[in-house]
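Numbers restart at 1 for each chain; the letters A, B, ... are given by sequence-line order, proteins then strands. Atoms considered below: every heavy atom in the structure, side chains included; atoms not considered: hydrogens, waters and symmetry mates.
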There are 2 protein chains.
Amino acid sequence: MTERAVTEADLNRGFMALADPVRRHLIARLSRGPATVNELAEPFPISTQAISKHIQVLEQAGLVARTREAQRRPVHLVPERLEAMTAWIDRYRLVKESQFRNLDRLLDQDSTPGRDRAPDTRRRPS
Amino acid sequence: MTERAVTEADLNRGFMALADPVRRHLIARLSRGPATVNELAEPFPISTQAISKHIQVLEQAGLVARTREAQRRPVHLVPERLEAMTAWIDRYRLVKESQFRNLDRLLDQDSTPGRDRAPDTRRRPS
DNA sequence: TGGTTGATAAACCTTATGGTTGAATAATGG
DNA sequence: CCATTATTCAACCATAAGGTTTATCAACCA
């Protein structure tokens with residue numbers, strides 16, 4: 001079924017697509033079923049053209065697809081790319097707190113012999 | 001435990017942060033343990049200042065945090081925000097194929113489903 | 001056929017992003 | 001103190017992102 005590998009560019013476009021709140025709302029709406037551009041645009045205070053552009057962004061990210069229904073172009077969700085994105089995140093989100101604890105040791109073996117621990121002199125907020 | 005709710009702006013910054021391949025590589029590197037800015041910058045063909053800015057983006061997204069170790073500012077991963085992002089995606093990626101099958105029926109009955117609210121998510125003016 | 005509906009295209013504007021270089025800041029170690 | 005190391009700040013530049021408005025395309029229907 002054309003299981004093309006997810007590229008870096010796919011992740012760029014995928015995460016960029018989800019970085020916009022309008023597009024996240026569109027995803028949420030489409031998770032309840034397909035909708036046309038006008039239907040999707042209705043709740044938003046921006047123009048239909050802007051929504052159309054958002055849908056193009058989602059489509060190029062592989063998150064949605066469009067079909068043809070008379071004059072309308074119903075949009076529906078394509079969940080596979082979302083799965084690939086969670087798969088990416090899940091590789092890195094399972095980090096143990098102990099890695100933070102290893103901080104001093106990791107830095108010590110680098111170059112500096114400073115055994116005395118650093119005082120908590122974080123930069124003063126301006 | 002400082003369990004502040006994840007806001008829309010948090011998701012904006014979080015997904016935007018992951019939309020850049022350099023920052024994703026930084027996340028991958030940091031998932032293996034903390035590192036300083038110079039260490040993080042070393043594999044990349046761009047300036048250390050650029051990496052520093054990337055780290056600031058990740059920090060403002062809540063994905064990493066910095067401590068102080070002598071002159072160095074070791075960076076470590078903060079996995080909680082990544083978890084929140086997968087949680088967001090997981091709400092919508094579990095879409096049945098049947099929803100696509102319902103396409104024609106949904107469009108025929110001219111229903112405008114789920115008019116819950118109009119989210120005003122316009123880009124904020126300066 | 002021609003009008004209406006649904007959606008996109010094109011041109012444009014403003015702001016954000018990601019990079020650069022050069023200078024400044026902070027802490028360490030002679 | 002002073003030089004060195006690590007990092008950030010500041011100014012600048014090119015391009016992309018998100019919005020607008022106007023115009024165009026495509027398909028239905030009266």
* **Rounded interatomic separation in angstrom, taking CD1 from A/Ile51 and P from C/dG6** => 16 Å

* In Å and rounded to the nearest 0.5 Å, what is the CG to CG distance from B/Leu30 to B/Leu40? -> 5.0 Å

* Asked: Looking at the side chain of A/Arg66, which of C/dT8, D/dT20, C/dA7 is the nearest nucleotide?
  -> C/dT8

* **A/Arg24/B/Glu8 ion pair, N-O < 4.0 Å** => yes

* Sole residue of B/Ile46, B/Asn38, B/Val75 in side-chain contact (heavy atoms from CB on, under 4.5 Å) with B/Ile51 -> B/Ile46

* Asked: Quick one: what's the B/S/- string for nucleotides 21-28 of chain D, heavy-atom cutoff under 4.0 Å, read 5' to 3'?
  -> BB----BS

* In terms of hydrophobic clusters joined by side-chain contacts under 4.5 Å, are A/Leu18 and A/Val6 together? -> yes

* Spacing of B/His25 atom NE2 relative to C/dG18 atom C1', expressed in whole Å -> 16 Å

* Whole-Å gap separating P (C/dG18) and CD (B/Gln56) -> 12 Å

* Structure fact -> Separation of D/dA6 atom P from B/Asn38 atom CG, nearest Å, is 6 Å

* Nucleotide D/dA17, atom P - distance to CZ of B/Arg13 in whole Å -> 20 Å

* To do: Would you kindly give the CG-to-C1' distance between A/Leu40 and C/dA7, to the nearest whole Å?
  => 12 Å

* Distance in angstrom units between A/Phe44 CZ and D/dG18 C1', rounded -> 14 Å

* Please state whether the phosphate of C/dA7, meaning OP1 or OP2, lies under 4.0 angstrom from any side-chain nitrogen or oxygen of A/Ser52. => no

* Shared ILVMFWY cluster between B/Val78 and B/Ile55, side chains joined below 4.5 angstrom? -> no

* To do: Calculate the interatomic distance between B/Glu42 atom CD and D/dT7 atom C1'; express it in whole Å.
  => 17 Å

* Asked: In terms of the angle between their ring planes, are A/Phe15 and B/Phe15 parallel, tilted or perpendicular, with boundaries placed at 30° and 60°?
  -> parallel

* **Residue matched to D/dA30 through Watson-Crick or wobble contacts both under 3.5 angstrom** => C/dT1

* Structure fact -> Interatomic distance, CG@A/Leu63 vs CG@A/Asp10, rounded to 0.5 Å, equals 10.0 Å

* With DNA chain D as reference, determine whether B/Thr48 or A/Ala19 sits nearer its 5' end, using the nearest nucleotide of each. => B/Thr48

